Number of protein chains: 2
Amino acid sequence: MSDPRVISLEKIKVACQNCSLASFCLPLGLKQGDIEKLDQIVKRSRPIQRGEGLFHIGEPFQNIYAVKTGSFKTFIQTEDGGEQVLGFHLPGELIGLDAILDNRHGCSAKALETSSICKIPFNQLEVLSTQLPSLQHQIFRLMSNEISKDTNMLMLLGNRSADERLATFLLSLSRRLAQRGFSATEFNLSMSRHDIASYLGLAVETVSRLFTRMQQDGLLKVDRKFVRLLDMERLDALCEKNPHCHGKQLLP
Amino acid sequence: MSDPRVISLEKIKVACQNCSLASFCLPLGLKQGDIEKLDQIVKRSRPIQRGEGLFHIGEPFQNIYAVKTGSFKTFIQTEDGGEQVLGFHLPGELIGLDAILDNRHGCSAKALETSSICKIPFNQLEVLSTQLPSLQHQIFRLMSNEISKDTNMLMLLGNRSADERLATFLLSLSRRLAQRGFSATEFNLSMSRHDIASYLGLAVETVSRLFTRMQQDGLLKVDRKFVRLLDMERLDALCEKNPHCHGKQLLP
DNA sequence: GACCGCACTTGATCCAGGTCAATATTACGT
DNA sequence: ACGTAATATTGACCTGGATCAAGTGCGGTC
């Protein structure tokens, strides 16, 4: 119908009503009419290039962000010039929830690839959520999820070996991608080895060695950014062998 | 006036209005009348003995808890019989916020000493907070605080040495106790060495050795559970030397 | 297509902190 | 007061993963 060379503005302006991520994101649990009200305060932005920042630590807090496409990392700069990566954010996940308390961002966020985002002015969201109990409930749920995600991460960093950490990380990505309709066994890592290492509390060299060793062991195949998980069984075993989490999985 | 041998029921039934913790806890920012409404859904409990559990991982989520006196730890049992400690909770801090998402507790909580708590049915709190915007706001703030607390912990576990971790932990305790009107330099550790080690991702032996080494270095004095911080300067230096957090301090 | 720069890999070495084992100290029940 | 169990300290040793130091290969530029 339309010329495929022309970028459709419709695609950028997808409303919450039609968004495929609605079932992970703020609209979950809302009635049709309520989604429309939410939709009116959401600002959809032009694409964000790889490496471009979303907000910087210390900046005043105005908006929370929902990833629409692509991926982001949140991080804190260390004084020696390094970065501590705090999290990776896939479509449907919210960024900025840690800033409510002191009205200032507690970390920085930047795009790992060309991405797009929905921007939601938090004070408007707060007002709206007093009017829509199910919206309030969903915000509570998402914040609660953020908290349990972090505590899982604590478990990971607190008492797991390097290979267990990497396996857990890969399976977490796999699961989140699968939820969003992508392949659970083949995907591209949008983040660098450095980012992965920092996130998992390891050295880059260790991550690199682990990838090659896991490949030798037939657990996976890795080529640059591209990963194919071959033996989910044994990868799972690496993750589950430790904590007795009553069916909980580590990492979101 | 009253017989001192008789335990005053008044003391147990302190209402939010008179509670000294109101400035950390849910009532912060509420008008007098609104505090009274909050007060009506809060259930105050009999004292809880050391070692007694508050809730157990996997149990259905009904209430959130605010520590009134004493202290608690939250933790997850590992299958080898050990525990991973997720956090310590002082008066005015909330427990259970991670359970909202899947309506089940994601960790267990138990008292570290004889303690008392306020129990708040979460669904009633949710209803009330749609009516009281400032209550909703305070819940958002407290949850946000929980998130940034955890991300700070990630930084700590991700890239800090053992002595930096212990120093950070001690100063965090010190600051939180001072906020609550206790001494910043002298206090009792209600948790065991084991708990501290688990929380900081270290071995018990390491924690023990660190205490003695820090004592030799004149940083502090430790006798069993009792700690006196002697050289705040150098303890601070141990914490701040690493991350460039724009004035943020690690740990709550 | 040749040069450059950066991300990644691989190898060699080292050490912080874990593990194992032997006391020491305290808390607690009888 | 005593015995037992839990908790904490101390010492000796070992190892996982950090650090240091070369390579290697890919993507971008002119």
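Keep in mind the model is a prediction, meaning the values are calculated, not measured.
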May I ask you to check whether Tyr199(A) and Phe75(A) place their ring centers less than 6.0 Å from one another? no
Atom [atom1] of [X] to atom [atom2] of [N]: distance rounded to whole Å?
| X | N | atom1 | atom2 | value |
| --- | --- | --- | --- | --- |
| Asp195(A) | dA7(C) | CG | P | 10 Å |
| Leu166(B) | dG17(C) | CG | P | 11 Å |
| Leu189(A) | dA7(C) | CG | P | 16 Å |
| Asp163(B) | dG18(C) | CG | P | 12 Å |

Check DNA chain D against residues 206-214 of chain B and give the residues with a non-hydrogen atom under 4.0 Å, in numerical order. Ser208(B), Arg209(B), Thr212(B)
Residue closer to the 5' end of DNA chain D, Gly201(A) versus Val204(B) (nearest nucleotide): Val204(B)
When you list every nucleotide of DNA chain D with an atom under 4.0 Å from a heavy atom of chain A, which one comes first 5' to 3', and which comes last? dG17(D) to dC20(D)
Flag the pair Met232(A) / Ser174(A) as yes when at least one side-chain heavy-atom distance between them is below 4.5 Å, and no otherwise. yes
pair Leu229(B)-Leu235(B): side-chain heavy atoms closer than 4.5 Å: yes
Counting side-chain heavy atoms from CB outward, which of dG17(C), dC8(C), dG18(C) is closest to Ala203(B)? dG18(C)
Of the non-hydrogen atoms in [X] and [Y], which two are nearest, and what is the gap between them?
| X | Y | result |
| --- | --- | --- |
| Ala111(B) | Gln49(B) | CB-O, 3.5 Å |
| Gly201(A) | Leu157(A) | N-CD2, 4.1 Å |
| Gly106(A) | Ile57(A) | O-CD1, 3.5 Å |
| Ala162(A) | Leu202(A) | CB-CD2, 3.8 Å |

Quick one: the side chain of Glu205(A) and the base of dC8(C), do they pair up donor-acceptor inside 3.5 Å? no
List the residues meeting side-chain hydrogen bond (donor to acceptor under 3.5 Å, both in side chains) with Asp217(A), not counting sequence neighbours, and say none if there are none. none
Check nucleotides 22-29 of chain C against the protein and report each pair of N or O atoms closer than 3.5 Å, with its distance, or say if there are none.
none

Could you tell me, to 10°, how much the axis swings from one end of the helix from dG1(C)-dC30(D) to dT30(C)-dA1(D) to the other, five pairs per end? 50°
Can a salt bridge be assigned to the pair Arg193(A) and Glu205(A) using a cut-off of 4.0 Å between side-chain N and carboxylate O? no
First locate atom OG1 of Thr78(A), then atom CE of Met155(B), and finally report the distance between them rounded to the nearest 0.5 Å. 7.0 Å
I need the full list of side chain to side chain donor-acceptor pair (under 3.5 Å) pairs touching residues 221-234 of chain A, with sequence neighbours left out, sorted by first then second residue. Glu186(A)-Arg228(A), Asp231(A)-Arg234(A)
Is a donor on one side and an acceptor on the other found under 3.5 Å between the side chain of Ser144(B) and the backbone of Asp98(A)? yes
Classify the angle between the aromatic ring planes of Tyr65(B) and His105(B) as parallel (below 30°), tilted (30 to 60°) or perpendicular (above 60°). tilted
